[in-house]
Chemist: 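So that we are looking at the same thing, I have put the structure below in structure tokens.
Not measured: the values here are computed from a predicted model. Chain letters run A, B, ... following the sequence lines, proteins first, then strands; residues in each count from 1.
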Amino acid sequence: MIEQVDLTMVNWARATFALTAMYHWIFVPLTLGLSFICAFFESIYVKTGNEQWKKLTRFWMTLFGINFAIGVATGIILEFEFGTNWSNYSWMVGDIFGVPLAIEGIAAFFLEATFFAVMFFGWNRVSKRAHLFSTWMVAVGSNLSAVWILVANGWMQYPIGMKFNPDLARFEMVDFLAIATSPVAISHFVHVTSAAFLYASLFVVAVSSWYLLRKRHLQFAKRSLTVACTFGLLASLFVAFTGDEHAYHAANVQPMKLAAMEGLYDGEAPAGLVAAGLLNFSKKPGDEEDPFIFEVKIPMVLSLLANRDINSFVPGINDLVYGNTAENIMGVEEKMVRGKLAVAGLGDYKTAKKSGDQLAAGKALTLFEQNSDYLGYGYLDYAEQAVPYVPLIFYSFRVMVGLGTFFILLFMVYLYLLYKDQLEKQALLLKIGVSSFLLGLVAHEAGWIVTEVGRQPWAIQDLLPVTVARSNLDAGTVEVTFFMFLILFTALLIAELKIMAKQISIGPEGD
Amino acid sequence: MFKSAFYLYYDGFRSMVVGRTLWKIILIKLFIMFAVLKVFFFPNFLATNFDTDAERVDHVLSNLTQPLADKK
């Protein structure tokens with residue numbers, strides 16, 4: 001089936017979505033994290049009454065406002081793309097995504113929008129405490145917005161609380177609570193938001209380090225760094241903890257993703273974690289080649305992370321593709337047989353309904369329902385199509401974890417040197433601090449690559465591959481929009497960077 | 001209350017410095033998004049190609065079932 005689809009169109013649509021999402025994600029985590037950092041600064045101001053903290057709060061709030069303004073509505077383009085490039089998918093998930101996104105729009109957006117004006121314009125109009133309350137509400141509202149998007153994304157990774165309606169070709173919600181409290185969605189949310197706090201802390205570190213290097217606003221920079229590094233250190237430790245939880249859920253509901261993250265082809269008990277390694281790019285599922293040119297493995301750690309048991313079996317790509325009867329793992333080939341029965345049942349149901357043959361429709365529906373859990377596998381042509389592109393996931397995962405570990409050390413060193421009042425003498429460290437924001441962005445994007453490329457070929461895990469989720473469009477149409485976005489996003493990014501750089505250059509005195 | 005809320009926004013926008021440039025960028029961006037991109041490049045595929053929900057269902061179901069039918 002897949003070879004009958006214009007793969008060029010699907011790939012351009014995926015590239016366009018990835019480009020838009022990655023651009024969107026430059027701004028979103030900064031909004032999520034900086035809102036809380038501003039709230040911390042202002043809380044200190046209200047507590048101490050020290051006007052320096054007020055000046056500091058207003059400066060970071062201005063940068064928060066610039067980022068918010070440039071980033072606002074970049075996510076709407078994703079919605080446009082759903083309707084144009086991914087129309088089958090959009091139709092099928094409309095009932096599931098409608099409720100979470102409506103809640104986001106009504107509750108979080110209005111909470112955010114109401115208090116936003118007070119936060120920016122109300123300094124001399126409302127009491128200190130009322131203003132502080134508004135700032136905290138903006139922070140809470142911003143982060144609530146993220147909840148529902150990530151619930152929707154979590155459902156795509158682990159579709160629960162729904163039933164497919166063959167009359168309407170839609171997944172219909174049957175248990176809202178199951179969707180909203182899905183362990184995958186919750187672990188996804190806490191990991192992403194804590195990573196956003198870390199990213200925003202790096203932003204403060206970068207700007208403040210630049211001031212220290214330039215010998216400007218020294219007291220201001222040190223105060224900012226003390227709060228941001230403390231917040232950043234706590235956030236980065238929490239990111240590590242929630243990342244572990246995230247990987248644990250992946251092991252349970254997306255074992256192929258975990259196997260790809262580890263470059264694990266043949267399952268092991270106990271399984272070691274690859275701390276570092278050089279992949280053999282010619283390795284394919286089922287062949288006899290070694291997956292690594294070299295690797296450094298920590299024994300038993302992968303078993304512990306995946307199953308909370310150091311001796312447990314962790315399936316590899318070959319176990320998942322070809323099956324492993326000893327470990328009771330059904331292979332993709334068997335799932336494909338069941339998936340094709342589901343697709344056939346759905347097709348026969350449609351035909352029987354049209355001809356008014358109720359008996360045949362009932363039989364076809366039963367066949368579909370018996371095999372509907374494997375629906376997506378019915379669209380694969382060969383089992384290896386269920387394997388995502390391993391090198392990209394393997395290396396992205398290591399980039400994310402490596403940088404995450406580096407950030408923990410960076411915050412600790414900064415805090416120590418702040419305590420010793422030695423930081424401004426460390427020019428090299430301050431230069432690293434300036435570049436750390438860019439590294440934070442790299443870590444974030446790498447994390448999303450692991451999450452999204454790692455679940456390929458699925459738009460909805462096990463139920464809908466991207467090749468069926470697409471619209472019936474020509475590749476050329478989608479290709480044009482990709483390059484149009486590339487130009488537009490680059491221009492907007494330059495505009496934001498110029499405004500942001502100008503404001504940073506002016507500094508807190510210019511407020 | 002409405003009056004003070006109005007003046008909160010009115011005075012706030014009037015006293016903005018960086019904010020004016022930002023608002024220009026926001027308005028240009030929203031114009032490009034909704035008046036250009038949405039209209040000319042991102043029509044809703046199912047909304048523009050089909051008139052009724054029944055036709056849309058039929059189209060999506062065909063996409064879900066046709067590949068296998070092609071192979072039979």
Side-chain angles (χ1 to χ4, degrees), chain A residues 1-2 4-5 62 65-66 69-70 72-74 76-77 80-88 90-92 117-118 120-122 125-126 166-170 340 343-344 346-351 375 378-379 464 467-468 470-473 477 480-481 484-485 488 492 495-496 499 502-503 510, chain B residues 1 3-50 52-72:
Chain A
M1 274 137 271
I2 283 175
Q4 295 165 340
V5 172
T62 305
I66 292 169
I70 303 285
V72 76
T74 50
I76 290 173
I77 298 174
F80 293 171
E81 288 174 36
F82 280 134
T84 306
N85 298 342
W86 304 101
S87 60
N88 291 339
S90 291
W91 178 266
M92 292 171 78
V118 179
F120 277 102
F121 304 148
R125 288 176 179 271
V126 296
D167 292 311
L168 297 177
R170 281 194 152 171
K340 288 180 195 311
V343 177
L346 191 60
D348 291 345
Y349 177 74
K350 185 188 170 207
T351 309
L375 177 66
Y379 303 105
L464 187 72
T467 44
V468 183
R470 93 242 175 267
S471 300
N472 302 31
L473 289 172
T477 315
V480 167
T481 56
M484 202 172 56
F485 277 154
L488 178 70
L492 282 171
E496 160 170 88
I499 297 172
K502 189 180 170 189
Q503 196 61 30
Chain B
M1 186 188 165
K3 199 176 167 185
S4 58
F6 170 77
Y7 278 107
L8 175 73
Y9 283 89
Y10 182 76
D11 294 339
F13 284 125
R14 273 174 64 93
S15 63
M16 283 193 306
V17 183
V18 184
R20 285 184 191 168
T21 313
L22 288 177
W23 274 107
K24 280 180 201 161
I25 290 175
I26 290 171
L27 292 174
I28 291 168
K29 189 168 70 175
L30 291 177
F31 176 79
I32 292 171
M33 278 184 188
F34 288 99
V36 182
L37 293 180
K38 178 67 183 160
V39 175
F40 297 106
F41 294 96
F42 284 97
N44 185 299
F45 181 84
L46 294 177
T48 50
N49 287 288
F50 304 97
T52 65
D53 274 356
E55 287 176 1
R56 290 176 194 120
V57 170
D58 192 57
H59 170 77
V60 175
L61 274 177
S62 295
N63 276 321
L64 288 173
T65 57
Q66 200 59 43
L68 197 61
D70 287 347
K71 279 212 155 183
K72 279 180 180 174

Chemist: Residues two or more places apart in sequence or in another chain: which of them pass salt bridge (Lys or Arg N to Asp or Glu O under 4.0 Å) with B/D53?
Modeler: B/R56

Chemist: Assess whether side chain to side chain contact (heavy atoms under 4.5 Å, CB included) is satisfied between B/F45 and A/F82, documenting all intermediate values.
Modeler: CA-CA 9 Å; B/F45 181 84; A/F82 280 134; over 6 Å; no

Chemist: When heavy-atom pairs shorter than 4.5 Å are enumerated against chain A, which of B/I28, B/T48, B/D58, B/I32 gives the highest number?
Modeler: B/D58

Chemist: From B/F42 CZ over to A/I76 CD1, what is the distance, rounded to the nearest 0.5 angstrom?
Modeler: 13.0 Å

Chemist: So for A/N472, is it side chain, backbone, both, or neither that comes closer than 4.5 Å to the heavy atoms of chain B?
Modeler: both

Chemist: At a 4.5 Å cut-off on heavy atoms, which part of A/F120 comes close to chain B: side chain, backbone, both, or neither?
Modeler: neither

Chemist: What part of A/L346 is in contact with chain B, defined as an atom under 4.5 angstrom from a non-hydrogen atom: side chain, backbone, both or neither?
Modeler: both

Chemist: Side chain, backbone, both or neither: which part of A/I77 has a heavy atom under 4.5 Å from chain B?
Modeler: side chain

Chemist: Is B/L30 in contact with chain A via its backbone, its side chain, both, or neither, using a 4.5 Å heavy-atom distance?
Modeler: side chain

Chemist: Under the rule for side chain to side chain donor-acceptor pair (under 3.5 Å), what residues qualify as partners of A/T84, not counting sequence neighbours?
Modeler: none

Chemist: Evaluate A/Y349 against B/L61 for side chain to side chain contact (heavy atoms under 4.5 Å, CB included), listing each step before the verdict.
Modeler: CA-CA 10 Å; A/Y349 177 74; B/L61 274 177; over 6 Å; no

Chemist: Take A/N88 and B/H59 through the side chain to side chain contact (heavy atoms under 4.5 Å, CB included) test and state the conclusion after the steps.
Modeler: CA-CA 9 Å; A/N88 291 339; B/H59 170 77; 4.0 Å; yes

Chemist: Could you tell me the separation between the OG atom of A/S87 and the CG atom of B/N49, rounded to the nearest 0.5 Å?
Modeler: 8.5 Å

